[in-house]
Amino acid sequence: MSSPVIQSALQQMQTLATQAAGAHAPGQQLAGVVSGSFAGELQAAIHRVNQLQQTASARSDAFQAGEPGVALNDVMVDMQKASVAFQMGVQVRNRLVSAYKDVMNMQV
């Protein structure tokens, strides 16, 4: 493995560790939403899914254009990450809609 690949992997690991600890990465902020609120977490999750999809799309375009340094395995991994994140988002949305319907059908 080359040095830039190792540095990239280390940076991704540090970013994931920061996110797991609950802190926001430098430069990342939620616009107009209180941190820790449900709406803020939902907005942050949607933003992360969007970023994964944009990254996968950009890397795919770069690979198709024949840019050097873009490997097929990296493109496939990014596309799978985006796909899994989107599927998770759809499932969360389905659960929220189901919970909303259950609450609305309750008799008071």
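Values below: all heavy atoms of this structure, side chains included; hydrogens, waters and symmetry mates excluded. In what follows, residues are counted from 1 in the order of the sequence shown.
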Can you list the other members of the hydrophobic cluster that holds Tyr100, where links are side-chain heavy atoms under 4.5 angstrom apart?
-> Met104
Other cluster members, Val84 - Ile/Leu/Val/Met/Phe/Trp/Tyr, side-chain contacts below 4.5 Å = none
Check whether Leu52 and Met79 end up in the same hydrophobic cluster, where Ile, Leu, Val, Met, Phe, Trp and Tyr are linked by side-chain heavy atoms less than 4.5 Å apart.
-> no
Keeping the roles fixed (side chain from Ser60, backbone from Ala56), state whether a donor-acceptor pair exists under 3.5 Å.
-> no
Only counting residues at least two apart or in another chain, list the ones meeting side-chain contact (heavy atoms from CB on, under 4.5 Å) with Leu96.
-> Phe38, Val92
Which residues share a side-chain contact (heavy atoms from CB on, under 4.5 Å) with Gln54, sequence neighbours left out | Asn50, Gln51
Any salt bridge (Lys or Arg N to Asp or Glu O under 4.0 Å) pairs touching residues 76-101, not counting sequence neighbours?
-> Arg59-Asp78
In a table with atom names and distances, give each donor-acceptor pair under 3.5 Å that connects a side chain of residues 65-75 to protein atoms at least two apart or in another chain.
none

Taking only residues two or more places apart in sequence or in another chain, which ones pass side-chain contact (heavy atoms from CB on, under 4.5 Å) with Gln91?
-> Asn94
Taking atom CD of Gln43 and atom CZ of Arg48, what is their separation to the nearest 0.5 Å?
-> 11.0 Å
